[in-house]
Protein chains: 2
Amino acid sequence: MSVTVAKGFHAAGVAAGIKDSGGLDLALVVNRGPRRAAAGVFTANRVKAAPVHWSEQVLKGGTVAAVVLNSGGANACTGPLGFQDTHATAERVGEVLEVSAAEVAVASTGLIGVRLPMDKLLPGVTTAADALSEHGGEKAAIAIKTTDTVHKTAVAGRDGWSVGGMAKGAGMLAPGLATMLAVLTTDADVDSAALDRALRAATRTTFDRVDSDGCMSTNDTVLLLGSGASGVVPGPDEFAEAVREVCADLALQLVKDAEGASKDIRVEVVGAATEDDAVEVARSIARNNLLKCAVHGEDPNWGRVLSAIGTTSAVFDPDRLNVAINDVLVCEDGAAGADRSLVDMRYREVRITADLRAGEQAATVWTNDLTADYVHENSAYSS
Amino acid sequence: MSVTVAKGFHAAGVAAGIKDSGGLDLALVVNRGPRRAAAGVFTANRVKAAPVHWSEQVLKGGTVAAVVLNSGGANACTGPLGFQDTHATAERVGEVLEVSAAEVAVASTGLIGVRLPMDKLLPGVTTAADALSEHGGEKAAIAIKTTDTVHKTAVAGRDGWSVGGMAKGAGMLAPGLATMLAVLTTDADVDSAALDRALRAATRTTFDRVDSDGCMSTNDTVLLLGSGASGVVPGPDEFAEAVREVCADLALQLVKDAEGASKDIRVEVVGAATEDDAVEVARSIARNNLLKCAVHGEDPNWGRVLSAIGTTSAVFDPDRLNVAINDVLVCEDGAAGADRSLVDMRYREVRITADLRAGEQAATVWTNDLTADYVHENSAYSS
């Protein structure tokens with residue numbers, strides 16, 4: 001399934017030898033048309049990887065014939081030579097597929113600050129082109145994994161057309177775009193402008209609201225490619241909903257596979273004066289290390305929720321704040337409410353609901369607990 | 001030593017029974033004059049503990065006769081009844097010392113959201129008053145400990161006068177005031193306005209630049225009391241420097257005793273266009289969980305430093321950033337510089353220097369590594 005569920009797309013995932021492990025590490029996704037419409041959103045980090053700089057330019061043209069993605073190296077902070085590597089990769093894809101390099105998007109993921117082994121990557125492009133097939137989506141999804149324990153794919157099927165997608169991401173998951181690579185494809189017959197509208201609306205409330213560890217990547221890339229191969233022109237709302245469905249599905253898969261996590265925490269802020277207030281408060285809660293440790297210990301420590309809310313500039317009265325954990329109202333009017341021993345936190349999903357009681361707006365941010373395994377995974381080796 | 005090194009101050013630390021452990025948990029610091037000048041700075045968290053609300057009012061009068069501090073409970077998020085408890089505590093101190101309750105500052109530390117056991121605390125005030133002595137500074141410093149493994153005191157001795165201080169803090173150490181309780185005393189003959197100027201200047205570049213875990217407390221309080229008992233009127237610069245010396249000493253002791261930490265990280269940002277830029281960048285680096293894990297693993301992962309810098313709004317060119325770790329220039333012009341294997345990270349102190357190459361301003365923020373022990377300490381029980 002994955003990116004090849006939509007008609008008009010071929011994909012492949014191969015082992016180019018970029019990863020020391022010898023696993024799949026190079027993915028190619030090709031749009032066979034008839035349309036080659038595309039849209040993309042990229043990291044808000046000002047330190048951007050070479051492939052992000054390249055792909056931002058490609059997307060300005062609104063046409064993408066192919067995307068080449070590699071794991072095993074982020075090609076970030078690699079200077080002008082790193083940019084040349086990205087350029088050479090796009091050129092090689094252009095040659096083997098007989099398309100313009102200016103219509104080839106590139107995405108990379110892995111360690112920052114290290115050049116890619118081009119002697120392995122470029123031959124890998126040829127191997128991947130040879131392996132392209134309409135069943136290649138699964139292998140492509142596997143080839144972009146880094147510390148991911150599982151590959152992530154999602155599909156929204158509709159009447160005669162569909163949206164499919166793949167994503168990777170397990171650490172450096174944070175806002176400004178949640179931190180990962182994702183490629184979505186559709187055979188709906190829509191132009192690049194419509195793809196762009198649907199993608200931006202979807203990422204704003206899905207990938208952008210995943211904040212596993214507060215760390216923003218240099219390589220975030222989400223692409224949506226349209227082949228038009230179904231010949232079906234969906235209504236804009238219907239199309240936007242299908243794109244959102246796939247983005248939301250993939251974003252939640254990222255949370256569930258976050259490095260070292262033992263809990264998925266749904267932070268819902270309601271009663272906010274504005275959506276911006278709701279997002280600011282939700283993010284502040286989601287980023288509080290002490291709270292994340294408490295959730296790991298299955299301790300409904302609502303004091304740490306209030307302490308996090310208090311650092312924001314949102315509209316609220318400290319003496320009217322309500323907080324529920326797994327639907328038990330443990331904090332009422334800014335002070336102790338129901339007995340905290342009533343909160344059952346044994347399950348993987350934990351819901352924290354903060355009511356600012358200052359308006360009607362709401363937002364949900366997903367995060368994870370902070371665990372010794374997260375520390376181990378991010379201290380035992382470079383990633 | 002501690003708060004009783006300055007003439008005119010008596011202190012005590014007793015076990016009132018607030019802590020289940022039976023350890024010292026109530027401290028009293030009394031200014032015997034002739035002056036009773038005072039200044040205070042408090043948490044920037046909008047969710048403030050009852051004693052913070054109380055003490056802010058007391059400090060507006062510019063006169064503090066005594067400070068009562070308890071560990072074993074923060075008295076934060078305890079509603080109107082929690083405020084009544086603080087008021088009753090000040091009243092009891094006023095009664096036993098024959099001073100006005102309006103001149104008694106109160107500080108509390110411990111778990112948020114739980115009422116204090118007033119049946120134990122109020123008799124404890126009487127016990128503490130009976131134990132007051134000019135040698136009581138040490139016991140007072142011990143009585144304010146929570147998860148601290150050691151008590152923290154500092155002294156700046158000058159010609160005929162001195163500044164002494166004590167502090168507690170090991171978690172929820174973050175900006176907006178670094179998160180702790182601290183009481184400083186001086187027998188210099190200065191008024192409250194001069195105390196206030198010296199204290200604000202000192203905390204801005206000491207306690208405010210400690211950011212152990214990014215979590216801002218509800219109870220931060222730093223008080224400076226002046227007895228004038230030395231009869232010496234120091235010059236304003238000399239006095240400010242002595243206050244800064246004690247604050248810096250105590251702030252660094254907080255970092256060195258941070259929960260679960262195995263490394264103290266000095267994040268120095270130089271070449272910034274403004275001091276605000278330097279602080280913003282230093283704080284962003286200091287709060288990056290992935291970097292803090294890398295330091296724990298003794299991995300000079302400069303890519304994570306650049307990734308953190310990239311999330312700020314400071315003035316810089318990503319392709320001109322330089323980063324040194326323990327004085328090895330591992331990143332030059334935004335890309336790999338010296339061989340990272342040259343960096344020796346075996347020692348407890350790690351220095352990260354980021355040069356934005358955009359101006360002449362600098363700032364230093366202290367933080368710690370992120371360890372499995374931090375997770376354990378903050379997930380195994382409520383704190």
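Hydrogens, waters and symmetry mates are skipped; everything else that's a heavy atom, side chains included, is used. Labels below follow one simple rule: chain letters A, B, ... track the order of the sequence lines, proteins then strands, and each chain is numbered from 1.
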Item to check | Under 4.5 Å from a heavy atom of chain A, the part of B:Ser284 involved | outcome: neither

Next on the checklist: With a sphere of 6.0 Å drawn around CG of B:Asp20, does it hold more than 12 non-hydrogen atoms of other residues, nucleotides or ligands?
Outcome noted: no

Next on the checklist: Which one wins on heavy-atom pair count under 4.5 Å against chain A: B:Pro80, B:Pro318, B:Ala76, B:Gly113?
Outcome noted: B:Gly113

Item to check | Residue, of A:Cys293, A:Ala294, A:Ala308, that accumulates the most heavy atom pairs under 4.5 Å with chain B | outcome: A:Cys293

Item to check | For the student: nearest non-hydrogen atoms of B:Val375 and A:Val375, plus distance | outcome: CG2-CG2, 4.1 Å

Checklist outcome for this item: Rounded to the nearest 0.5 Å, the NE2 atom of B:His376 sits from the OG1 atom of A:Thr371 at a distance of 14.0 Å

Checklist outcome for this item: One option among A:Gly310, A:Cys331, A:Gly297 has the most heavy-atom pairs under 4.5 Å with chain B, and it is A:Gly310

Item to check | Among B:His296, B:Arg115, B:Glu298, residue most engaged with chain A (heavy-atom pairs, under 4.5 Å) | outcome: B:His296

Checklist outcome for this item: dist A:Lys48:NZ -> B:Leu306:CG (nearest 0.5 Å) comes out at 13.5 Å

Next on the checklist: Can you give me the closest heavy-atom contact between B:Thr78 and A:Ala335, atom names plus distance?
Outcome noted: C-CB, 3.9 Å

Next on the checklist: Shorter than 4.5 Å, heavy atoms on both sides: which option in A:Thr312, A:Asp373, A:Leu321, A:Asp319 has the most such pairs with chain B?
Outcome noted: A:Thr312

Item to check | For chain A, the option from B:Ala372, B:Cys77, B:Gly334 that forms the most heavy-atom pairs under 4.5 Å | outcome: B:Cys77

Item to check | side chain to side chain contact (heavy atoms under 4.5 Å, CB included) partner of B:Ser307, chosen from A:Ile112, A:Thr43, A:Val47 | outcome: A:Ile112

